[in-house]
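Inspection log for the structure reproduced underneath, given as structure tokens.
Only heavy atoms go into these numbers, but all of them, side chains included; no hydrogens, no water, no symmetry mates.
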Amino acid sequence: MTDLTPHALADSADGLDTLIAAAERLGPEDVAGPSALEGWTRGHVLAHVTNLGEALAGQARAAARGEVVPVYASRAARDAGIEANAGRTLAEHLAALRALRDELADAWPAPGSPLWDAPSGYRDGPLSGCLLAWWREVRIHTVDALTGTGQAVGYATWDETLCAHLRDFLAVRLPDGVAVDDVAGDPRDVTVWLAGRVPDGPLPDDLPELGPWPSSTPAPS
């Protein structure tokens, strides 16, 4: 299997830069507006991105110490953290995202480091899995947060490597006997649909029902 770590490291950093740059052009009132996720404002999405990034940076620091710690103390703690930070002003969200950018740059190991194989608290997997999760989340939620604004960032920001990874990761959502390649349509639109979002292009009317987001333990999606 191709090692995705170097690409994920670079593209997740670019994804966070994209989110910050687009959010810098929002109006203060946009933060309280609805995101693409039902029941969440844009502030909720920005808070989730920030909190998750901080939690995964914590996984990298723990791995460097030779420790394995939970990503969150509990699902309830994760949800409470989002609610607590969702009401930040735009300036506060931006300050938190910029601080996160520096934190992640300092916390992630260098490409090729053996620390990527160190155990983590994310899905009982290696630290590289934390990076892949961050890559997925920052790219997906950047679209969620900015949908409906003049600074909307679309699915075209998902490069082919990310789309291929998402199709592989999300294939378990399909019913037994159905493969990703069985779903007709533009591959990017199929990827967006697998991620539970509304694609830009048309897909067949008889799409199968998707299962839950893949998770071996309660985790953000």
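- Inter-residue side-chain proximity for Leu170 and Trp213 is flagged as met; some heavy-atom pair is nearer than 4.5 Å.
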Review point. Please walk me through it: do Val143 and Arg197 pass side chain to side chain contact (heavy atoms under 4.5 Å, CB included)?
Key: CA-CA 10 Å; Val143 182; Arg197 274 67 180 175; over 6 Å; no
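- The pair Glu160-Arg188 counts as a salt bridge, with a side-chain nitrogen and a carboxylate oxygen less than 4.0 angstrom apart.
- In this structure, His141 and Trp40 have tilted ring planes: the angle between them lies in the 30° to 60° band.
- Cation-pi contact between Arg136 and Phe169: present, with separation from the ring centre below 6.0 Å and deviation from the ring axis of at most 45°.
- A salt bridge does not link Asp159 with Arg139: none of the charged nitrogens is closer than 4.0 Å to a carboxylate oxygen.
- Leu207 and Trp193 get closest at one heavy-atom pair: CD1-NE1, 3.6 Å.
- The local environment of CD in Glu209 is sparse, with at most 12 non-hydrogen atoms from other residues, nucleotides or ligands closer than 6.0 Å.
- Minimum heavy-atom separation, Ala55 to Val71: CB-O, 3.6 Å.
- For the pair Arg25 (side chain) and Ala21 (backbone), a donor-acceptor distance under 3.5 Å is present.
- Electrostatic pairing of Glu24 and Arg98 counts as a salt bridge here, judged by a charged N lying under 4.0 Å from a carboxylate O.
- Leu46 has its side chain within reach of Leu97: a pair of non-hydrogen atoms, C-beta onward, lies under 4.5 Å apart.
- Among all heavy-atom pairs drawn from Leu94 and Ala23, the shortest one is CD2-CB, 3.7 Å.
- Annotation: the span from Thr149 atom OG1 to Leu146 atom CG amounts to 5.0 Å, rounded to 0.5 Å.
- Looking at heavy atoms from C-beta onward, Leu166 lies in side-chain contact with Ile140 at the 4.5 angstrom threshold.
- Inter-residue side-chain proximity for Pro109 and Leu127 is flagged as met; some heavy-atom pair is nearer than 4.5 Å.
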Exercise for review: Report the C-alpha distance between His165 and His7 in whole Å, list the side-chain angles of each, state the deciding distance to 0.1 Å, and finish with yes or no for side chain to side chain contact (heavy atoms under 4.5 Å, CB included).
Suggested key: CA-CA 11 Å; His165 168 64; His7 185 84; over 6 Å; no
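- To the nearest 0.5 Å, atoms CG (Leu52) and SG (Cys130) are separated by 9.0 Å.
- Here the side chain of Trp116 pairs a donor or acceptor atom with the backbone of Ala110 at under 3.5 angstrom.
- Side chains of Arg167 and Thr191: a donor-acceptor N/O pair is present below 3.5 angstrom, by distance only.
- Using the six-membered ring where Trp is involved, Trp158 and Tyr155 have ring planes that are perpendicular, over 60° apart on the 30 and 60° scheme.
- Within the 4.5 Å cutoff, side-chain heavy atoms of Pro199 are placed close to those of Leu203.
- No donor-acceptor pair under 3.5 Å is formed between the side chain of Thr147 and the backbone N or O of Ser35.
- Rounding to the nearest 0.5 Å places CD of Glu103 at 10.0 Å from OG1 of Thr50.
- Side chain of Asp182 to main chain of Ala179: a donor-acceptor pair is present (N/O by atom type, distance under 3.5 Å, no hydrogens or angles).
- Shortest non-hydrogen contact noted between Ala107 and Ala57 is CB-O, 3.8 Å.
- Across all their heavy atoms, Trp134 and Leu56 have their closest contact at CB-CD1, 3.7 Å.
- Rounding to the nearest 0.5 angstrom, the gap separating the CG atom in Leu131 from the CH2 atom in Trp135 is 8.5 Å.
- Closest non-hydrogen pair, Val180 versus Ala171, comes out as CG2-CB, 3.7 Å.
- With hydrophobic clusters built from ILVMFWY side chains whose heavy atoms lie under 4.5 angstrom apart, Val172 does not share a cluster with Leu4.
- A continuous path of ILVMFWY side-chain contacts below 4.5 Å connects Val178 to Val190, so both sit in one hydrophobic cluster.
- Side-chain contact between Arg42 and His93 is absent, with no heavy atoms from C-beta onward closer than 4.5 Å.
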Review point. When you look at Val153 and Leu19, which way does the side chain to side chain contact (heavy atoms under 4.5 Å, CB included) test go after all the steps?
Key: CA-CA 8 Å; Val153 174; Leu19 174 58; over 6 Å; no
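- Residues Val69 and Gln59 are in side-chain contact: their nearest non-hydrogen atoms beyond the backbone lie under 4.5 Å apart.
- The backbone N or O of Gly27 lies less than 3.5 Å from a partner atom in the side chain of Asp30, making a donor-acceptor pair.
- Distance CG/Leu174 to CG/Leu194: 5.5 Å, rounded to 0.5 Å.
- When atom types are taken as modelled, the side chain of Arg173 and the backbone of Leu210 share no donor-acceptor pair closer than 3.5 angstrom.
- In this structure, Asp189 contributes its side chain and Gly201 its backbone to a donor-acceptor pair below 3.5 Å.
- Here His48 contributes atom NE2 and His44 contributes atom NE2; the two are 12.0 Å apart, rounded to the nearest 0.5 Å.
- In this structure, the side chains of Arg88 and Val31 stay at 4.5 Å or more apart for every pair of heavy atoms.
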